[in-house]
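For ligands, and for the atoms within them, numbers begin at 1 and follow the listed sequence. Atoms considered below: every heavy atom in the structure, side chains included; atoms not considered: hydrogens, waters and symmetry mates.
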Amino acid sequence: MTNKPQKPIGFIDLKAQREFLGQKIDDAVMNVVNSCAFIMGPQVQEFEKQLAQFGQAELALSCANGTDAIALPLMAWGVGYGDAVFCPSFTFAATAEIIPWVGATGVFVDVLPDTYNMDPKSLEAAIEMVLAAGKLTPKVVIAVDLFGQLADYPAISAICKKYGLKLISDSAQGFGATLDGKHPMHWADCQTTSFFPAKPLGCYGDGGAVLTNSETDWQIMDSLRIHGKAVKADLEGRNFDHDPKYMNMRIGMNSRLDTIQAAVLIEKLAVFQDEIGKRNMVAARYNRELGGNCIVPTVIQNGISVWAQYTIELRNRDGLSAFLREKGIPSASYYPIPMHRQGPYQDFLTAPNGLPITEKLADVVISLPMHPYMDEETQSYIIASVKEFCEAQQSI
Ligand SMILES: *Cc1c(COP(=O)(O)O)cnc(C)c1O
């Protein structure tokens with residue numbers, strides 16, 4: 001029952017999904033190759049339409065990666081020098097990195113000890129701190145849907161409304177997750193995601209997207225992703241007898257989703273809901289069997305996670321990591337150094353009561369292999385190995 005499986009164990013087994021989707025992906029990719037519409041081909045528009053629908057948003061705008069996806073709304077809203085943008089420190093670098101890109105000042109907020117997502121109390125205290133100092137204008141909150149589950153959007157969006165701040169949901173890990181059956185766009189001004197291959201909805205390279213309910217924001221971001229080209233709103237009441245992409249209305253960037261990636265994503269999105277179900281079965285079994293040995297994940301009430309990671313807490317997590325490696329089981333610690341302790345982020349401010357939960361979590365979290373195609377035998381072996389380690393620890 002708990003013998004080591006024949007096949008090497010993947011942390012995220014992309015090959016299993018590749019095999020499952022098979023010929024459909026080959027056909028989708030070859031259609032693009034044969035059409036030669038490599039940039040902004042019809043699959044890009046088609047995928048944007050389907051993605052918006054899936055995320056319960058009016059519109060979706062694809063781009064080159066999940067980092068640009070967070071930068072685009074900040075640029076579209078004119079966020080810059082003198083503005084404060086709030087985000088967690090317990091996240092992947094991209095969330096914080098784009099704040100200095102636009103010249104704004106980042107403010108790190110602590111997370112909750114159970115869900116690891118933004119602590120609304122720490123957020124409100126940080127906003128009050130910035131207001132009291134009187135130097136910066138609070139503008140935007142970037143909440144992160146860490147490890148696949150949604151942040152507490154009812155509480156966070158209420159704070160954003162109270163102080164007149166915009167809300168971005170950085171859903172690179174959480175796209176597809178819901179709270180009370182609703183996707184983040186029910187509360188947020190924008191939801192961003194990444195199609196990096198290892199994310200729950202990944203492509204075969206880099207890719208990203210922004211979801212919005214604002215046609216105006218969509219148009220400006222469409223302009224920004226293609227070098228600030230003129231869009232419909234820019235051309236109203238004026239004549240330009242050339243391609244509007246050569247009339248440049250703002251400083252933009254080059255951030256498009258390749259047509260090939262859009263074609264791959266159309267096939268992946270078709271099975272995504274089913275994969276979310278499979279991920280939840282794997283997570284439920286981990287919860288059931290490991291609950292007595294270590295701290296297993298807490299999902300926000302009425303939330304459904306997409307389980308980008310299955311993360312447990314253990315005092316001796318480095319010991320577990322080494323033990324699992326010996327047994328051929330990969331694991332990872334996200335994130336061992338929180339952003340506020342990284343050199344380039346020393347100019348960021350931090351919430352008034354510090355970031356004690358963030359600091360604690362960085363030392364105890366460890367993520368186990370998680371993907372929709374994990375077979376029972378493999379999971380049994382992983383569970384038995386984690387138990388073996390935990391039981392040996394307790395008997396010391
Ligand atoms: C992966 C990730 C991003 C960035 O996505 P890329 O496509 O790699 O640029 C942003 N935020 C979070 C929380 C992520 O996990």
With heavy atoms only and a cut-off of under 4.0 Å, state how V144 meets ligand 1: side chain, backbone, both or neither.
side chain
Would you mind telling me if ligand 1 is within reach of the side chain of D68, the backbone, both or neither, using heavy atoms under 4.0 Å?
neither
Can a side-chain donor-acceptor contact be found between S380 and T2 if the only test is distance below 3.5 angstrom?
no
Between T298 and D114: side-chain donor-acceptor atoms closer than 3.5 Å
no
Measure from the side-chain N and O atoms of N280 to the backbone N and O of I304, and report whether any donor-acceptor pair falls under 3.5 Å.
no
As a check for students: among I142, T193, D170, identify the option with a heavy atom nearest to atom 13 (C) of ligand 1.
D170
With a 4.0 Å cut-off on N to O distance, would you call E313 and K360 a salt bridge?
yes
Could you tell me whether D13 and R18 have a side-chain N and a carboxylate O separated by less than 4.0 Å?
no
Nearest protein heavy atom to atom 8 (O) of ligand 1, by residue and atom, and its distance?
S194 OG, 4.0 Å
Numbered atoms and elements of ligand 1 in range of [X], under 4.0 angstrom, heavy atoms:
X	value
A94	3 (C), 4 (C), 10 (C)
N65	7 (O), 9 (O)
T91	13 (C)

Within the 6.0 Å centroid threshold, strictly below: F47 and F195:
yes
Does ligand 1 come near enough to G66 that some N or O of the ligand is less than 3.5 Å from an N or O of the residue?
yes
K199 to ligand 1: N or O pair under 3.5 Å?
yes
Tell me, please, whether F92 has K199 positioned over its six-membered ring: NZ or CZ under 6.0 Å from the ring centre and within 45 degrees of its axis?
yes
